[in-house]
Amino acid sequence: MWFFGHIYYAIQGIYMLNQERMPVHVAIIMDGNGRWAKERGLPRLAGHNAGMKAMKKIVDHSDKLGIKHLTVYAFSTENWKRSLAEVSGIFKLLVAYVKSDLKELVENNVKVKVLGDYSSLPGDAVKSLEKTLQQTKDNTGLQFNIALNYGGRDEITRAVRSIGEKIAAGEIAPSDITEDLISGELFTGFTQADVPDPELIIRTSGELRLSNFLLWQSAYSELVFPDVYWPDFTPEEYEKAIADYQSRERRFGGR
Ligand code: FPP
């Protein structure tokens, strides 16, 4: 790295990133694994495997760039509609990832959190996740949030249900409902993973949708859609997306 005031030039990229305007939270929809595999005449799972390798590099690079939160959309509430072979293959990859990388995550001071109700995942995946959450819980570096069995509507529905139960129990009144109260009840809320809203959401593969990802939290997020499949999303592509974000003026509804 070559430092010049607060601006540095990342050695493997060509993008001038402003350290002072680094997003605190980047969230990524890792799309295009299937198409990447199809173009190479490979099974879809080979695409997910390549996607996992890309994900590892982006975790490392987030840490290097000083990003505090990285969230990846690994499995949505809708992904259960895929074939049993693909679904179980993705969870096997998750177990393999924990097996091969947990030590490194602990050493690199990464704290892992899950967004979503992961209790309905296969038993070995639940076990791997709980081990990961436990062993990284006191880490203070990058927080790596993995969205698993996650859906934005499901998350909001659960929050509304929980608030309704609190009202029924007489713990709060309807007039106590505020945006902060709702935010607190989400998977990202301060009593759960405690994640700020993402300044930047990246979706690879050229699809221009949020697909039920962080619906509440994305109210003012900047969206970037790199035209590469997820397995081809390199640290350089990542820096390009951040440079795009940094070039934008954020007004939050003001002038
Ligand atoms: C979307 O591409 C990708 C997924 C639904 C799975 C993402 C999983 C990984 C990157 C690897 C596993 C990592 C963990 C932590 C479980 P797609 O299959 O929808 O691609 P397509 O639109 O081209 O078919």
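All residue numbers refer to positions in the sequence shown, counting from 1. Atoms within a ligand are numbered from 1 in the order they appear, just like the ligands themselves. Hydrogens, waters and symmetry mates are skipped; everything else that's a heavy atom, side chains included, is used.
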- [ ] Return yes when Glu207 approaches ligand 1 closer than 4.0 angstrom through a heavy atom, no otherwise.
- [x] no

Task: For the student: nearest non-hydrogen atoms of Gln192 and Lys113, plus distance - done: O-NZ, 4.1 Å

- [ ] Among all protein heavy atoms, pick out the one at the shortest distance from atom 7 (C) of ligand 1; state its residue, atom name and that distance to 0.1 Å.
- [x] Ala74 O, 3.5 Å

Task: Lys/Arg-Asp/Glu bridge criterion (N-O < 4.0 Å) met for Asp124, Lys92 - done: no

Task: Basic-acidic side-chain contact under 4.0 Å: Lys240, Asp244 - done: no

TODO: May I ask you to decide whether Lys103 forms a salt bridge with Glu107, counting only side-chain N to carboxylate O separations under 4.0 Å?
DONE: yes

TODO: Determine, for Glu185 against Lys166, whether the closest basic-nitrogen to carboxylate-oxygen distance falls under 4.0 angstrom.
DONE: yes

TODO: Might you point out which heavy atoms bring Ala37 and Arg44 nearest each other, and give the distance in Å?
DONE: CB-CA, 4.1 Å

Task: Selection from Gly34, Gly89, Ala54 by shortest heavy-atom distance to atom 20 (O) of ligand 1 - done: Gly34

TODO: Just go through Leu93, Leu148, Val112 and tell me whose heavy atom is the nearest to atom 12 (C) of ligand 1.
DONE: Leu93

Task: Presence of salt bridge, Glu199 and Arg21, under 4.0 angstrom - done: no

Open item on the list: Counting only heavy atoms closer than 4.0 Å, does ligand 1 sit against the backbone of Met55, its side chain, both, or neither?
Closed with: side chain

Task: Residue, atom name and distance, where the atom is the protein heavy atom closest to atom 11 (C) of ligand 1 - done: His48 O, 3.5 Å

Open item on the list: Looking at ligand 1, would Arg44 count as a contact under a 4.0 Å heavy-atom criterion?
Closed with: yes

Open item on the list: For Leu115 versus Phe187, what's the shortest heavy-atom pair and its separation?
Closed with: CD2-O, 3.7 Å

Task: Nearest protein heavy atom with distance in Å, relative to atom 5 (C) of ligand 1 - done: Asn79 OD1, 3.6 Å

Open item on the list: Within the 4.0 Å heavy-atom shell around Arg35, which atoms of ligand 1 are there?
Closed with: 21 (P), 22 (O), 23 (O)

TODO: Report yes or no: is the cationic atom of Arg82 (NZ for Lys, CZ for Arg) under 6.0 Å from the centre of the six-membered ring of Trp80, at an angle within 45° of the ring normal?
DONE: no

Task: Residue Met30 vicinity, atoms of ligand 1 by number, heavy atom under 4.0 Å - done: 1 (C), 2 (O), 3 (C), 10 (C)

- [ ] Measure the distance from atom 9 (C) of ligand 1 to every protein heavy atom, then report the residue, atom name and distance (to 0.1 Å) of the closest one.
- [x] Asn33 ND2, 3.8 Å

TODO: Kindly identify the option in Leu94, Leu121, Val95 whose heavy atom sits closest to atom 16 (C) of ligand 1.
DONE: Leu94

TODO: Name the closest protein heavy atom to atom 19 (O) of ligand 1, giving the residue it belongs to and the distance to 0.1 Å.
DONE: Arg82 NH2, 2.8 Å

